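Inspection log for the structure reproduced underneath, given as structure tokens.
Side-chain atoms are counted along with the backbone in the values below, which use heavy atoms only and exclude waters and symmetry mates. Predicted, not measured: the structure shown is a model, and the values here were computed from it. Both ligands and their constituent atoms are indexed starting at 1 by order of listing.
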Amino acid sequence: MSQKPLNIVILAAGKGTRMKSESPKVMHALAGLPMINWLLKTAEQLSPEKIIVVTGPDMPDLEAAVKPHATVIQPERNGTGGAVKAALSELQGFDGDVLILLGDTPLVKLETLVSLIQAKGNGGLSVLGCVMDNPHGYGRLIAEKNVLQKIVEDKDASAKEKEVTLVNTGAFCVDGARLAGWVEAIGSNNAQGEYYLTDLPEIAAKDKAQTFTSLTTDEDEVRGCNKQADLAALEKTLQQRLRITVMESGVRLQDPTTVYFHHDTKIGQGTTIEPNVFFGPGVEIADHVTIKAFCHFEATKIDSGATVGPFARLRPGTHIEQDVRIGNFVEIKKSRIGKGSKVNHLAYVGDTDMGEDTNFSAGAITVNYDGFQKHQTTIGKGVMIGSNVNLVAPVQIDDGAFVAAGSTITEDVPADSLSVERTKAEIRTGWAAAYRKLKSGKKKTA
Ligand code: UD1
Ligand code: CA
């Protein structure tokens, strides 16, 4: 990629005050993965010698999340220039290219970064710009005759400069041999009293180095994250990318924009997903599965040929085997549903091992919790669990058994037998007619 050796510095020390959240800004997740890790995935593909992440003091989660990459601590949050300064100790003697990226701009594409590095070439530095419909909040690239003169921060910009729609995305590529000298020259005489990395073009110009500008036309890939609304916009961009990847692998999404993926979702070819489906972490779906509308999945495995939904909730530890049918308003947790079995309507199955070709009828549930502990239910092959059955765990229903509708089962059921646990029917002939006669004429008017 880069002709020269490459080091990458990622600035991530900011607290992200504008997010109004406890955790460091770059630890906020997109499709369940912290934004810093999305950026690292792209950065790693450039095969740099080293990636250095600048963190703030007391950010142990961030340090853990970026491992095995190096971290340096910026002791005081005094600006993006201060952050790069903190990384200089890790760059001593390095005279290749240094790519500087903002941790809160996680969706920048690989090819865009390659162009930025190429734009620098043998020169001193390059900056990645983008024309934005709404440039508010971003630094502006002030150019004359197509040559960048300086970058002006939004807070320091004049009314005329604010009209400029070409913004600084925050990504720079700098000559490693000159970086330290230029960074040391950054001052803090500006609206925020901070050391701005964006002073580099002017400092470089004094050193007779021109700043090259590389442009991207896709403002979604370079959107920064400063507030919760930005996080939502980034999530939208990322989800769209994930949907396209899924469709490219041969999955049918009937209404893609209503399906939400987790970064680790795996879906096999020939699977169809109807509208309004949510994937939490750890979901793996095989080939030729049908997911009907309005389902919610977490840590679940679904084997080929199964049909799930509409309106099914599959919670962590669920394994749906081949050709199983899970229908509407069914919740399953920490259970295996054996090949060809059916749990078609209004059921709860928890902490259960269910064999093959079993039918678990409408309204039946496993009673897996006694108020203190969870208990296991074991159901064999070819079993028929009738409607509105309560299986009070721990309990075992052996192969081929029948459980009568409405039963509350508290004892194990042997193979091929019938278990009925309900009161006997009592018929009082003529009772209803006699009751009506007794009550006739006494109807209360409301
Ligand atoms: C920055 C740029 C602005 C650009 C915008 C693009 C500067 C001075 N401004 O503004 O020109 O248009 O990004 O999104 O560079 N950080 C540190 N240490 C600090 C301050 C920040 O590591 O002391 C990190 C933050 O964690 C963040 C990144 O640098 O990941 C950007 O900081 P932020 O404060 O969000 O800069 P912006 O105001 O968005
Ligand atoms: Ca920002």
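- Checking Arg18, Lys25, Lys15 one by one against Asp104, the salt bridge (Lys or Arg N to Asp or Glu O under 4.0 Å) holds for a single residue, Lys25.
- Using modelled atom types, one finds a donor on one side chain and an acceptor on the other under 3.5 Å when comparing Ser361 with Asn359.
- With hydrogens left out, the protein atom closest to atom 14 (O) of ligand 1 is Tyr138 CE2, 3.6 Å, a heavy atom.
- In terms of modelled atom types and a separation under 3.5 Å, the side chain of Gln254 and the main chain of Glu274 share no donor-acceptor contact.
- Within the cation-pi definition used here (under 6.0 Å to the ring centroid, within 45° of the axis), Lys120 does not qualify as a partner of Phe212.
- Within ligand 1, the atoms closer than 4.0 Å to a non-hydrogen atom of Ala83 are 17 (C), 18 (N), 22 (O), numbered from 1 in the order shown.
- In summary, Asn226 places an N/O/S atom under 3.0 Å from the Ca ion (ligand 2), meeting the contact criterion.
- Regarding atom 36 (O) of ligand 1, its nearest protein heavy-atom neighbour is Arg18 NH2, 4.5 Å.
- Of the options Ala87, Gly79, Gly137, the smallest heavy-atom separation from atom 19 (C) of ligand 1 is shown by Gly79.
- For atom 2 (C) of ligand 1, the closest non-hydrogen atom of the protein is Glu153 OE1, 3.7 Å.
- Looking only at protein heavy atoms, the nearest one to atom 5 (C) of ligand 1 is Asn168 O, 4.0 Å.
- With hydrogens and angles ignored, the 3.5 Å screen pairs a side-chain donor or acceptor of Asp264 with a backbone N or O of Gly282.
- When only non-hydrogen protein atoms are considered, atom 16 (N) of ligand 1 lies nearest to Gly14 N, 3.8 Å.
- In this structure, Phe279 has its ring center no closer than 6.0 Å to that of His262.
- Residue contacts with ligand 1: Thr198 is placed with no nitrogen or oxygen under 3.5 Å of a nitrogen or oxygen of the ligand (distance criterion only).
- Proximity to Gly103 (heavy-atom distance under 4.0 Å) selects the following atoms of ligand 1: 30 (O).
- Its N, O or S atom nearest to the Ca ion (ligand 2) is what matters here, and for Asp104 that atom is OD2.
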Problem set entry | Pair Ser21-His28, side-chain hydrogen bond (donor to acceptor under 3.5 Å, both in side chains): steps then yes or no | CA-CA 9 Å; Ser21 146; His28 287 77; 2.8 Å; yes

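- Looking only at heavy atoms of the protein, atom 1 (C) of ligand 1 is closest to Leu102 CD1, 4.1 Å.
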